[in-house]
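Everything below concerns the one structure shown next.
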Amino acid sequence: MNKRILSILGPVIIIVLMIIFRYIFPNKITFLTEVVIFSIYVMGNNVLMGYLGYTSFGQPFYLSTGAYSAAIYFAYFGGNIFMAMLVAVIVGFLLSLVLAPGLMRLKSSYFTLINAALCAIGVFVFERLLIDITNGNDGLWFRGNMTATPFLDVRYPKNFFFFVLLILLIALYLYQKMDKSALGISMKATKANPEKMTFIGYNVFLIRSIGYSISIMMSALAGALYAINFGFVNPSLGENTRAIEVLLATLIGGVGSVFGPFFGALGFLGMKDIVSSFMSRWEFVVGIITIVVLFKFNRGIWGLIQDGAGLLQSRKKREKTVKVEE
Amino acid sequence: MSGVDMSQNALIEVDDLYVNYGKLAVLFDISLKINQSEVVFLVGRNGAGKTTLFRTIAGFLHPKEGEIKLKGESINGMGAYRIARKGVKYIHQDKQVFGDLSVKENLELSSYATGDYNWEPVFAMFPKLKILIDRKAGKLSGGEKQMLLMGMAIIGKPDLVMMDEPTEGLAPHVIQDLAVSFKEISKTTTLFIVEQNLPIIADIADRVYCMKEGKIIVEEGCREDIQNLCFEQYL
């Protein structure tokens, strides 16, 4: 099959799956929209964790930075949704330029802890330091300022779902391209053996910094989409207790894979949704299921799907061989 | 070491080099020279400082004193990746390839770094790599990994390839094949090799440096003496 068609096939299957879910469960549109946005957020974390080998407890900080960038734009500057998303991504990029020189020289454990500290700093900044702009704990409301978008007014949840699906499709396509590109291979090789990469002639710091920037920009984009979806933001979005959610979703989906983040987001939010409907401390059950998944299936849901597909293929091959022999 | 002739066509010149690990001095007053197209071996017992010297030339350690020049230009304090880009490739002792990547992806990494996408010289020297092109590098045997590492090193036509104990732990017939490859590579590239295998040294070395306790104690440049392993008494 044509390579270009193959490269778009995976993302398209995921989008079609989500559209089918949307019509099978029409009253779950909020949940499905959250899965799509959360997938983009997990994809960002997967760049750090799966491609560069960094575990970050600071992703909520980057998410809330994106969300507040969009919210502040809506509240004080304009109502264009595309511009808000662009502002969030640019702020994410600028933030990565400031932080990468320090963070990308750290070992993973220090990186993890400093990122946790960044979350605490972020909450303080948005809640106290910028209270005149962000309204502190009351949150920043701006839904009324958002203007209609041409062709499809994404201010309505039904339309917004298709809008975020389109963004996910583009993100998955580019993510797949990145995975097979020089950058993707370099990042994976840097994770495996940074010293050897240096022997070959790679600037490992630069590779890590690029990966880190991609991760922050994706988190900021997800933050902006959350802000647009809810029409308001408050500092709790950036609390470091929420960092575990994106880490678990990355692990459940399959670390370092292209499609793992989507299945991780769907699996994690699905478990949370189902369990929380019959018990308030959903974290207990989700925690146990996560431990089982990670011990028994450490390549995550995507690894399971790949293994299943591999088994089917080998069975088909065997059947063909038997037929030929007959 | 004294009496090193720092002539004009030297590829690498190391002059009065001192290297420390923190406060611990490990290399003392090292001076050596590697000319273009030479095959130079570095021998010595474990702990003599051979790998430290290699890592210092490759830019992973910075000298406390002394100077390292590449084609007349000082590379003291230069980052390891920049030295690699200047044409000095270092194949580490541990034979580590990128195990999760395929042979093809490993070679691609070298191509991306050097901009040289012509793999014909690699396949001409190591035809087996062409057969194993889609195999995960982690599944290769020790000899195949060494071939891959050497293949990756020669992409981009480097000036100098430094190999740290390339034959260590390999079967005798693989070592023989590698010795042939060393000769082939040396036609276009200067080789600087840490090696314990004396027959190989006797066969292909143009010059041998012996190290002991962080110092170079002997430089042997006479082919006849090398073939007779005259330097062995210092090991």
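Each chain gets a letter, A, B and so on, in the order the sequences are listed, and its residues count up from 1. Remember, predicted model here, so these are calculated numbers, not experimental data.
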Arg85(B)/Asn203(A) under side chain to side chain contact (heavy atoms under 4.5 Å, CB included): CA gap, chis, key distance, verdict: CA-CA 10 Å; Arg85(B) 285 181 186 181; Asn203(A) 184 346; 4.3 Å; yes
Show your reasoning for whether salt bridge (charged side-chain N to carboxylate O under 4.0 Å, His left out) applies to Lys180(A) and Glu108(B). CA-CA 11 Å; Lys180(A) 294 283 171 214; Glu108(B) 275 173 353; over 6 Å; no
Go through it in stages, so that I can follow the logic: the residues are Glu105(B) and Lys188(A), the test is side chain to side chain contact (heavy atoms under 4.5 Å, CB included), and I'd like the CA-CA distance, side-chain angles, deciding distance and then a yes or no. CA-CA 11 Å; Glu105(B) 285 170 327; Lys188(A) 283 181 190 168; over 6 Å; no
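Heavy-atom neighbours of Asp100(B) CG from other residues, nucleotides or ligands within 6.0 Å: at or below the threshold of 12. Enclosure of atom CD in Gln36(B) by more than 12 non-hydrogen atoms of other residues, nucleotides or ligands within 6.0 angstrom is indicated. The environment of Phe126(B) atom CZ is dense: over 12 non-hydrogen atoms of other residues, nucleotides or ligands sit within 6.0 angstrom. When the shell of 6.0 Å around OH of Tyr21(B) is examined, it contains more than 12 heavy atoms from other residues, nucleotides or ligands. More than 12 heavy atoms of other shown residues, nucleotides or ligands fall within 6.0 angstrom of atom OH in Tyr117(B).
A distance of 9.0 Å separates CZ of Phe98(B) from OG of Ser186(A), quoted to the nearest 0.5 Å. One distance of note links OH of Tyr81(B) with CE of Met197(A); it measures 13.0 Å at 0.5 Å rounding. The distance from atom CG of Asp94(B) to atom CG of Asn193(A), rounded to the nearest 0.5 Å, is 7.0 Å.
A 4.5 Å side-chain heavy-atom check between His92(B) and Glu195(A) finds at least one atom pair inside the cut-off.
Proximity to chain A is limited to the side chain of Leu149(B), based on heavy atoms less than 4.5 angstrom apart.
Under a 3.5 Å cut-off, the side chain of Tyr202(A) and the backbone N or O of Leu109(B) do form a donor-acceptor pair.
Across Ile200(A) and Ala84(B), no two heavy atoms sit closer than the pair C-CB, 4.0 Å.
Classified by interplanar angle (parallel below 30°, tilted 30° to 60°, perpendicular above 60°), the ring pair Phe199(A)/Tyr90(B) is perpendicular.
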